[in-house]
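The block underneath contains the structure these notes are about, expressed in structure tokens.
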Amino acid sequence: MVKRPLVGVLPVLVMLALVAIPAGGGAIPSNVDVSQRAGNESEEAIAVNPTNPQNIVVVTNIQEGFSGLFEGVSFDGGQTWTRKIIATGASIGGGADGLGDSCCDPSLAFDQYGNLFLSYLYNLENVVPVALSTDGGLTFDVIANIAKPPKPPGTKGPSRHGEYRFVDQETIVTGEGSVWVVVNGGGPMNATGARVTGLGQVGSFIPAEVIPGTNNCTYGDIAIGPGGKVMNVCTLTESGQGGGKLFVNVDPDGLGPAGFGDRMFVEATHVGGFDFIPAQPDRSVDAEPGLAWDRTTGSHRGRVYVVYTLEEKNESDDTNVYVRYSDDDGKTWSAPTRVNDDTGTNSQFMSKIALDPTTGDVAVVWYDARNDLGAGGAGDTDGVPNDDAQFWGAFSSNGTTFTPNLQISAGTSNSQVSGNGIDYGDYSGLAFYGGVAHPAWSDNSNSTGTNPDGTLKKLDIYTTAVAG
Ligand SMILES: [Ca+2]
Ligand SMILES: [Ca+2]
Ligand SMILES: [Ca+2]
Ligand SMILES: [Ca+2]
């Protein structure tokens, strides 16, 4: 997310140790440094190939000039990674890989056929690329550039004020034989999708739809439900340190002729579009809502989960991670369940949710400052309270009860000393398949001893495997 106007080989021990650790067992799972590169990496997307769960792909921002994206590809379940920089062209279609010029905001999704979709923001152009890989992330081709939706002649549709002055905050998802992209079109949110019938078999994207009532509603997510219906979530407003109202809209027939319906209110989070907390002092956080929709044949088929950050008292910096769910396509929502189980008042932020399509279970991960009391020790790098973060997570089979929280990162990070300018960025990454969660986060602890500029406290991208 741009949030305008602001504008190797691993040691044998690690290879042997990257075995999924059951949640709640108290042990911290073995961390792997995916990027191992000088400079800062942040804003990480991660996806697991359902046709070969040993195939995992990570794409992230790189700091220098926001020109190019880091990509890591693994074919051994995340133990070892090939690493490269992609999308370093000067304009659309440019560069050795044809991915053009990139700024940031990568989003990734594998589908049931093994197609890997990548979306990101160009540096210059106000369209959104969709790139497809049919070889597990080794190579990509841009198959579409999503443009401003056509204006229906003679109709008075949803407000489109300022549309496509810029594009921001795109997200790509798959499911039910479709791929969908949602993007902040400079005013309202826009969404489009395409039919997918097999590996490399992707139809044309439908003309982008304007999602009603979403002017200045952004930093959201999109999910595909049973039968191909689609839900968007976003947060109002896109600026400030308060507000942060969450709304969802549903397109009931997905790629069919019906558009998105009216927005439905979910929650007031007290987290504005740029809400500063000690652990994100340069970038701030937003409520960062995320969706996961159960398309399994299990007992909660049709249940859609939303995760978000809520600040208990506005400007208290006591942010917490909550989950609610809906069994009626967003019309009504369950009572909120607080996921983080600490007893203090420090910050939890930038959560991510993912649903395992083989079980219907959900995983939630987030950055967590619970162990930074400013008193030294493992959770505090500098004697200042609540400004250092670890990465934590929990699992649930129903959205109401969660496992005891699991510390995922072995180390403790301080985003500001990285000099990244955007701290850990705007989001974290999570994939969940076959009973194993694969989180991805920005980390400058150098707990693995593999960060080439770890002594300078630059950020690398870390991952691990956690059995849910
Ligand atoms: Ca606030
Ligand atoms: Ca808290
Ligand atoms: Ca501290
Ligand atoms: Ca680095």
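Indexing begins at 1, ligand by ligand and atom by atom, following the structure's order.
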ask   = Do F395 and F432 have ring centres separated by under 6.0 Å?
value = yes
ask   = Closer than 3.0 Å to the Ca ion (ligand 3), do we get an N, O or S atom from V384, backbone or side chain?
value = yes
request  = Could you please compute the angle at the Ca ion (ligand 3) from OD1 of D387 to OD1 of D372, rounded to 10°?
outcome  = 120°
task = Report the name of the N/O/S atom of D380 located nearest to the Ca ion (ligand 3).
result = OD1
request  = Return the orientation label for the F391 and Y367 ring planes: parallel under 30°, perpendicular over 60°, tilted otherwise.
outcome  = perpendicular
ask   = So, R283 and D426, do they make that salt bridge, N to O below 4.0 Å?
value = yes
ask   = Between D368 and Q348, does any side-chain donor sit less than 3.5 Å from a side-chain acceptor?
value = yes
Any N, O or S atom of L459 closer than 3.0 Å to the Ca ion (ligand 4) = yes
query = Between atom OG1 of T381 and atom CG of D387, what is the distance when rounded to the nearest 0.5 Å?
reply = 6.0 Å
ask   = Taking the N/O/S atoms of D460 one by one, which is nearest to the Ca ion (ligand 4)?
value = OD1
key: Donor + acceptor pair across side chains of D372, N386 (<3.5 Å)   = no
key: S415 and D423 side chains, donor-acceptor separation under 3.5 Å   = yes
message = Suppose the cut-off is 3.0 Å; which protein N/O/S atoms would you list for the Ca ion (ligand 2)?
response = D318 OD1, T319 O, N320 OD1, N346 O, Q348 OE1
message = As a test of understanding, state which of V306, T235, V233, L246 forms a side chain to side chain contact (heavy atoms under 4.5 Å, CB included) with E267.
response = L246
message = Using a distance threshold of 3.0 Å, state whether an N, O or S atom of G39 lies below it from the Ca ion (ligand 4).
response = yes
task = Check whether the side chains of D443 and S413 place a donor and an acceptor atom closer than 3.5 Å, and report yes or no.
result = yes
request  = Report the distance from atom OG of S239 to atom CZ of F274, rounding to the nearest 0.5 Å.
outcome  = 8.0 Å
task = Give a yes/no answer: is there an N/O/S atom of E41 under 3.0 Å from the Ca ion (ligand 4)?
result = yes
task = If you have a sec, read the angle at the Ca ion (ligand 3) from D382 atom OD1 over to D388 atom OD2, to 10 degrees.
result = 90°
